[in-house]
Amino acid sequence: MKRIKILIIAWFAALGLQAQDTPIILGGELSNSAVTSVADVDEVIPRMKTFGLNTVLVPAYWEFLEPEEGKFDFTLIDRTILRARENELRIVFLWFGAWKNSMSCYAPLWFKKDTKRFPRACTAEGKPLEIASAFSENVFQADNRAFETLVKHIVAVGQDVVSMIQVENEIGMLESARDHSKLADEIYKKGVPQELTNYLKRHQRELHPWLKQRMDAHRSPITAHQSWTSLFGDDIYTDEIFMAYYYARYVGRLCETARKHTQIPLYVNAAMNSRGRQPGQYPSAGPLAHLIDLWHAGAPQLAMLAPDIYDTGFKGWADQYALPNNRLFIPESRCCENSGVRALYAFGEHHALGFSPFAIDQASPREAKSVTKAYDLIRQLSYLPSSLIHQPSYGLLFDQQDKERVIREGDLVLTCRHYFTLPWDPRATDGSVWQEGGAIIQRLADDEYLIAGNGVVVNFASAYEKEREEEKVLGEDGFVAEGATKKAENAKNAHFNGKRVGIGFVDEVTIDENGHIIYVRRHNGDQDHQGRHARISVGEWKILHVKLYFF
């Protein structure tokens, strides 16, 4: 994985972090209770190797690490590291500390029961929640002590295995947009802290558009200790902004503790603000894209904010987090038979750090196959020589509604579609929901491409040819149906006076560990529709090597 390692090392170096020769993460996250015993660890970790993963995302449970206050048990952590090392796997530990999916469900019982020492967040009506208050110093110190103990132990026994650490899990307020406990209200009344206003002033030009628009709408000077409402507005989203900054400060302090002992990258994950819900209906104030500035201000040590994508519209969610100041890493995605092509999109389009279906240990054979096949293609592409790093790549992801993408590269136009847009596969019209199709397209030269994926078809044309393209409806034989062609208006009766693009060959290939492209078979005749396109049918996982020519 030389090429990918170079890219990731450069990324972490830019953040001032130690990459530890970290490869891209071809990951899978275990279900929440998958490693709560030694027997669980012994069964599940070796099995993950057979899925083609190189990294397993594994919970580190506070309740098992510190079952009695001040007494620590590393049995599960040590066993996980041991089994990962034996199976040549890397581990990303997920700290299930003060919060997991908003709630404090993985805190030890001694912590849960002592609500006087460790107070809860409250709704505006005063209802205490199963959520420890981020404004309590006692909560922080207890969480911080356990987290520091975990980090020090990882450094001592598992630094060769542990690639990253996730700090908490899907932080966010539920039922209310912010904590309304007495502690929280006292902080809120003090106004916007100087640390945050300093950040906003320094980064005023590059703030996230959502936050910038809110601030511009109120045209209030950015000064310390002014009220939250005067700077951000008087609504539920200002409550979210307030809470996001203080959640981030809490996490930032945990990161500061970790940095005393290691440069292992740290990140946080976010539950999405989807389906038209408001803050508190979704986990408010988590590390969401529109709140990225609050999180960067409060926790600058974080390598990234990472989306957990379960909703429809995978591309849109991924696109929100693939930012110049935030490398895309997807630690959780719905595990399904579309997982593989979604991984291809993330790596091909956004050069993602990693992808990880959730509850991979519970995947059905079809779901696991999707991941294994896609990861094999990604792994092969990673063997390509570093001389190709600067060649562009693209990610494709198609479904029944989003069927086409047009890519323009100078005088060359690639029209990419879902395989079921071709007329001859009965699965396209049998009434079932289309399985998603996707691919990575890697340019090797101006006239040469690799297409690695499943369920896609790619046509090549010159820009001139594309402009004159006819809109065609194909019959079941793949030729134009009678009376179903309409020429573009600007090409009517015009003399053709430009170049066309032809397919020299389409070869099915593999790529060996030395980066050599190994010929498998030629796709010609019926397999490339007599030179009209390159295609990979739904259910196949292939790499095609396409050579073009102009005439």
Side-chain angles (χ1 to χ4, degrees), residues 22-67 72-97 100-101 105-106 150 153-154 157-170 264 267 269 306 308-310 329-340 342-343 353-376 378-379:
T22 305
I24 57 170
I25 294 173
L26 304 177
E29 181 170 328
L30 300 182
S31 54
N32 291 166
S33 302
V35 287
T36 55
S37 71
V38 168
D40 286 343
V41 176
D42 289 348
E43 186 279 326
V44 75
I45 298 296
R47 184 157 55 91
M48 295 302 97
K49 181 72 171 180
T50 68
F51 286 4
L53 312 185
N54 66 13
T55 304
V56 188
L57 282 67
V58 181
Y61 313 102
W62 187 6
E63 63 180 344
F64 284 101
L65 182 70
E66 193 181 7
F72 295 93
D73 184 343
F74 301 105
T75 300
L76 296 177
I77 300 299
D78 289 346
R79 195 69 163 205
T80 298
I81 290 171
L82 173 64
R83 291 293 177 245
R85 188 180 287 125
E86 289 174 347
N87 288 277
E88 299 181 306
L89 291 166
R90 287 181 177 267
I91 294 296
V92 173
F93 274 121
L94 318 175
W95 176 234
F96 286 8
K100 192 272 175 190
N101 292 50
C105 51
Y106 280 96
L150 172 66
H153 190 74
I154 287 171
V157 306
Q159 196 157 231
D160 61 315
V161 170
V162 179
S163 296
M164 293 200 297
I165 300 172
Q166 178 183 288
V167 187
E168 311 293 346
N169 188 88
E170 291 190 359
I264 292 174
Y267 75 95
N269 65 326
D308 292 347
I309 306 177
Y310 292 89
F329 171 49
I330 303 172
E332 294 184 36
S333 183
R334 184 182 301 280
C335 189
C336 61
E337 62 182 353
N338 296 320
S339 293
R342 293 173 182 178
L353 173 62
F355 179 87
S356 173
F358 175 70
I360 189 73
D361 53 300
Q362 298 175 351
S364 70
R366 289 183 67 180
E367 292 165 349
K369 179 182 177 182
S370 168
V371 175
T372 302
K373 291 290 189 179
Y375 283 1
D376 179 58
I378 296 164
R379 187 176 281 109

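Excluded from the calculations below are hydrogen atoms, water molecules and symmetry mates; all remaining heavy atoms, backbone and side chain alike, are included. Nothing fancy with the numbering, it's 1 onward along the sequence.
- Heavy atoms only, all atoms of each residue included: Glu43 and Pro46 are closest at O-CD, 3.8 Å.
- With rounding to the nearest 0.5 Å, the separation of CG in Leu150 from CH2 in Trp62 is 12.0 Å.
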Intermediate values then yes/no, salt bridge (charged side-chain N to carboxylate O under 4.0 Å, His left out), Asp160 and Arg85: CA-CA 8 Å; Asp160 61 315; Arg85 188 180 287 125; 3.0 Å; yes

Start with the C-alpha distance between Asn169 and Trp95, add both sets of side-chain angles, then the distance that settles side chain to side chain contact (heavy atoms under 4.5 Å, CB included), and finish with yes or no. CA-CA 7 Å; Asn169 188 88; Trp95 176 234; over 6 Å; no

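- Residues that satisfy the side-chain contact (heavy atoms from CB on, under 4.5 Å) test with Thr36, not counting sequence neighbours, are Ser33, Asp40, Tyr61, Phe64.
- Leu30 has its side chain within reach of Ile360: a pair of non-hydrogen atoms, C-beta onward, lies under 4.5 Å apart.
- Minimum heavy-atom separation, Leu76 to Ser37: CD2-C, 3.6 Å.
- At a threshold of 4.5 Å between non-hydrogen side-chain atoms, the residues Leu82 and Ile45 do not count as touching.
- Residues Phe355 and Ile309 fail the side-chain proximity criterion, which asks for heavy atoms closer than 4.5 Å.
- Without hydrogens or angle criteria, Arg379 side chain to Leu26 main chain gives no donor-acceptor distance under 3.5 Å.
- The side-chain heavy atoms of Phe93 and Ile77, taken from C-beta on, include a pair separated by under 4.5 Å.
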Under the side chain to side chain contact (heavy atoms under 4.5 Å, CB included) criterion, do Phe329 and Met164 qualify, and how do the steps go? CA-CA 12 Å; Phe329 171 49; Met164 293 200 297; 3.6 Å; yes

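- Taking every heavy atom of both residues into account, Pro59 and Ser31 meet most closely at CG-O, 4.3 Å.
- Judged by distance alone, the side chain of Tyr375 and the main-chain N or O of Gly27 form a donor-acceptor pair under 3.5 Å.
- Evaluated for a side-chain contact (heavy atoms from CB on, under 4.5 Å) with Arg83, the options Val41, Leu89, Val56, Val44 yield exactly one hit, Val41.
- Enclosure of atom NZ in Lys100 by more than 12 non-hydrogen atoms of other residues, nucleotides or ligands within 6.0 angstrom is indicated.
- Of the candidates Val161, Asp42, Ile91, Thr80 forms a side-chain contact (heavy atoms from CB on, under 4.5 Å) with just one, namely Ile91.
- Side-chain atoms of Tyr267 and Gln166 form a donor-acceptor pair, as typed in the model, at a separation below 3.5 Å.
- Side-chain contact check for Asn32 versus Phe96: some heavy-atom pair is nearer than 4.5 Å.
- Within a 6.0 Å radius of NZ in Lys49, other residues, nucleotides and ligands contribute more than 12 heavy atoms.
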From CA spacing to verdict: side chain to side chain contact (heavy atoms under 4.5 Å, CB included), Thr55, Val92: CA-CA 7 Å; Thr55 304; Val92 173; 3.7 Å; yes

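- The shortest distance between side-chain heavy atoms of Gln159 and Ile264 falls below 4.5 Å.
- The structure places CG of Asp361 at 9.5 Å from CD of Glu29, a figure rounded to the nearest 0.5 Å.
- Judged as a side-chain contact (heavy atoms from CB on, under 4.5 Å), and not counting sequence neighbours, the contacts of Asp308 are Glu170, Asn269, Tyr310, Pro331, Glu332.
- Judged by distance alone, the side chain of Asn54 and the main-chain N or O of Ile24 form a donor-acceptor pair under 3.5 Å.
- Using a 4.5 Å heavy-atom cutoff, the side chains of Thr50 and Arg47 are in contact.
- No side-chain heavy atom of Arg342 sits under 4.5 Å from any side-chain heavy atom of Pro357.
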